[in-house]
Amino acid sequence: MEYPQDQIDELKTIAPSLRIAEEGGNTYILIEQLQLPEHCTPKVVDLLLCPKSRDGYPSRLYFSIIPTGIPARNWNGQVRVLDRTWYAASWSCKTGLRLAELLMVHLKILRT
Amino acid sequence: MKVTKPKIKIRIPKAIYKAMLEDLRQPHPFAFERVGFVSTRSKTLQSNIILITVTSYQPVDDENYIEDRTVGARINSSAIRKAMQTVLDNESGCFHVHLHDHAGMPFPSTTDKTGIPGVINSISNVSSEPHGFLILSKDSLYAEIKIPGVTHYVRPNMISVIGYPMKFVFPGKRASKASRLFDRQSFLGSNSQFLFENAKVGIIGFGGGGSHIGLQFAHLGVKNIVVFDGDKVEDTNHNRLVGAWFSDIAKGTQKSRIAQRMIKKIFPGAEVESINDIWQNHPEKVQECDIIISGVDTFLGRRDLEAECRRFLIPMIDLGMDVFPVPEQAPHMSGQVILSMPGMSCMSCFGFLTEEKLRLEAAKYGDTGGRPQVIWSNGTLASSVVGIFVDIITGWTQQSDRLIYLEYDGNRQVLSPHIRAVYAPRVCLHYPLDQTGPPKYRRL
């Protein structure tokens with residue numbers, strides 16, 4: 001699955017380090033060492049963005065570690081993808097968003 | 001500080017193994033033998049096991065041989081440069097491959113010992129992955145590996161060809177003395193007990209299906225078993241948990257403990273590792289296994305486990321059952337047994353796993369309740385799983401490349417091939433064989 005270059009460039013303005021890999025027919029975007037807001041622990045995490053439908057959600061954002069310091073969320077998505085363990089909260093986004101929009105909407109779970 | 005020697009397991013998909021044999025048997029205008037290279041991905045586990053998965057095969061083109069009647073085959077620098085470029089492009093390891101077309105274990109000839117290491121040393125200069133060479137014969141394999149930081153070549157502990165049936169080579173291991181315990185199953189093949197003693201099997205979920213399977217593995221003499229289950233015996237699962245005693249209910253005995261107790265009582269020689277946890281918290285323990293039995297009870301769980309098994313070239317056999325209410329009729333009991341063999345149809349190819357099922361299951365999260373489960377249907381399904389396992393390991397029925405998706409009608413006690421197996425693709429559409437081992441990311 002290829003993504004439009006303009007969307008990739010837009011996403012890079014938020015997360016410069018982007019890599020991509022496939023598994024099981026899904027394409028995942030790895031965002032390494034993204035800095036989280038001040039109130040979060042840890043300060044940096046890896047993220048795995050799945051822009052397509054997965055686990056019953058239109059898209060999913062997985063965290064390498066469940067962050068603390070944020071409101072209680074339903075972390076219902078402990079999964080193994082691409083030889084790593086990832087965690088996702090129950091958070092629905094509408095479809096049709098650009099990659100950068102998708103990431104920002106998913107990152108709203110960190111808001112206090 | 002004592003440095004323990006790593007154990008090395010090489011896993012080769014059957015499709016690639018067949019491609020190698022076919023190519024290496026092709027006559028060459030002047031060379032007596034042909035040569036190729038396989039690309040590999042490797043991962044070193046915390047247990048000091050190095051898993052090497054073969055991801056592709058590249059034959060040496062005809063024009064890259066040098067005419068030399070004193071050796072079986074001599075390849076030119078273009079062939080070696082091409083192999084090095086492949087290693088750089090794919091961030092992979094590389095094994096030189098050729099064929100000694102006889103039966104039995106092949107061994108490197110004097111020419112092999114003098115000629116091949118130089119090729120491998122060149123390739124090692126461009127990558128820190130393990131590299132080495134493979135020699136195939138009609139029915140066996142030989143390998144030596146150069147591990148970064150180790151000056152001498154080492155032999156692997158296991159080479160397996162992943163397909164139906166599997167092919168195993170355990171260099172340096174010999175069969176133990178035949179035991180009367182397994183006398184009546186000797187029709188499975190003269191080396192069947194040796195295979196049961198040396199292959200490692202993981203049972204994910206020691207419930208109604210997994211406990212039956214553990215029991216049968218013990219009676220068969222399967223030695224190396226890893227059991228993953230974080231649950232305990234309760235009054236509501238006692239009706240189907242083979243090996244559980246009534247006293248275990250009050251004690252709250254862990255299912256993984258039940259597994260160990262039961263299997264060891266039947267087969268004291270078994271080495272049972274009990275993991276009182278979900279497998280996702282111990283993925284490397286799954287990756288070490290040669291076959292996985294999936295007694296997972298959710299579609300989402302099956303999807304993740306299958307993805308893990310596909311990545312590390314591990315055949316997975318799944319079983320499950322359910323009872324559905326039918327208005328104004330008797331409930332309907334159904335189930336399935338599915339073989340997910342790397343390279344061949346996966347559970348999505350079979351139509352067993354679908355986005356719709358995953359979506360519906362995710363929507364019901366937390367509302368699973370107690371699903372109906374009984375011992376006899378689990379026993380039927382489990383016995384079929386064990387039969388498939390035995391055939392994959394030993395090849396005793398002489399069947400090959402089977403697509404297995406069995407459906408169970410529990411009302412009529414009938415287990416039969418699902419119609420979807422007829423129309424499933426023979427080559428997996430979801431897990432290509434070049435996506436095995438540690439994932440390879442592309443920079444955006």
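Computed over heavy atoms, backbone and side chain alike; hydrogens, waters and symmetry mates excluded. Below, chains carry the letters A, B, ... as their sequence lines are ordered, and counting in each starts from 1.
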Practice problem: Report the distance from atom CG of A:Asp83 to atom CD of B:Glu308, rounding to the nearest 0.5 Å. | Solution: 6.0 Å

Quiz item: Given a strict heavy-atom distance threshold of 4.5 Å, which part of B:Gln435 is in contact with chain A: side chain, backbone, both, or neither?
Solution: side chain

Quiz item: A:Glu23 and B:Tyr431: side-chain contact (heavy atoms from CB on, under 4.5 Å), yes or no, with the steps?
Solution: CA-CA 7 Å; A:Glu23 182 174 274; B:Tyr431 296 97; 4.3 Å; yes

Which donor-acceptor pairs under 3.5 Å do the side chains of residues 6-14 of chain B make with protein atoms, sequence neighbours left out?
residue, atom, partner, partner atom, Å
B:Lys9, NZ, B:Glu288, O, 2.6
B:Lys9, NZ, B:Asp290, OD1, 3.2
B:Arg11, NH1, B:Gln287, O, 3.0
B:Arg11, NH1, B:Phe312, O, 2.8
B:Arg11, NH2, B:Gln287, O, 3.0
B:Arg11, NH2, B:Glu288, O, 3.4
B:Arg11, NH2, B:Cys289, O, 2.9
B:Lys14, NZ, B:Tyr164, O, 3.0
B:Lys14, NZ, B:Asp401, OD1, 2.9

Quiz prompt | Distance-minimising heavy-atom pair for A:Gly56 and B:Ala362 | solution = CA-CB, 4.2 Å

Quiz item: Which region of B:Ile278, side chain (C-beta onward) or backbone (N, CA, C, O), has a non-hydrogen atom less than 4.5 Å from a non-hydrogen atom of chain A, or is it both or neither?
Solution: side chain

Quiz prompt | Exercise: identify the closest heavy-atom pair between A:Gln78 and B:Asp304 | solution = O-OD2, 4.2 Å

Quiz item: What residue in B:Glu356, B:Arg303, B:Lys43 has the most heavy-atom pairs under 4.5 Å with chain A?
Solution: B:Arg303

Quiz item: Quick check: are there more than 12 heavy atoms from other residues, nucleotides or ligands sitting under 6.0 Å from CD of A:Gln35?
Solution: no

Quiz item: So, for B:Lys440 and A:Ala21, which heavy atoms are closest and what is the spacing to 0.1 Å?
Solution: O-CB, 3.9 Å

Quiz prompt | Full working for side-chain contact (heavy atoms from CB on, under 4.5 Å) between A:Asp55 and B:Arg359 | solution = CA-CA 6 Å; A:Asp55 302 348; B:Arg359 187 186 68 75; over 6 Å; no

Quiz item: Which pair of heavy atoms, one from B:Arg311 and one from A:Glu22, lies closest together, and at what distance?
Solution: NH2-O, 3.7 Å

Quiz prompt | A:Leu82, part contacting chain B, at a heavy-atom distance under 4.5 Å | solution = both

Practice problem: Using a cut-off of under 4.5 Å on heavy-atom pairs, state which of B:Lys357, B:Glu284, B:Glu306, B:Gln280 scores highest against chain A. | Solution: B:Gln280

Exercise. Side chain from CB out, backbone as N, CA, C, O: work out which of these in A:Gln5 comes under 4.5 Å of a heavy atom of chain B, or both, or neither.
Key: neither

Exercise. Could you look at A:Thr85 and say if it's the side chain, the backbone, both or neither that has a heavy atom under 4.5 Å from chain B?
Key: side chain

Practice problem: Would you mind checking which part of B:Arg310 comes under 4.5 Å of any heavy atom in chain A, side chain (CB onward), backbone (N, CA, C, O), both or neither? | Solution: neither

Quiz item: Who among A:Ser90, A:Ser53, A:Ser17 has the most heavy-atom pairs with chain B under 4.5 Å?
Solution: A:Ser53

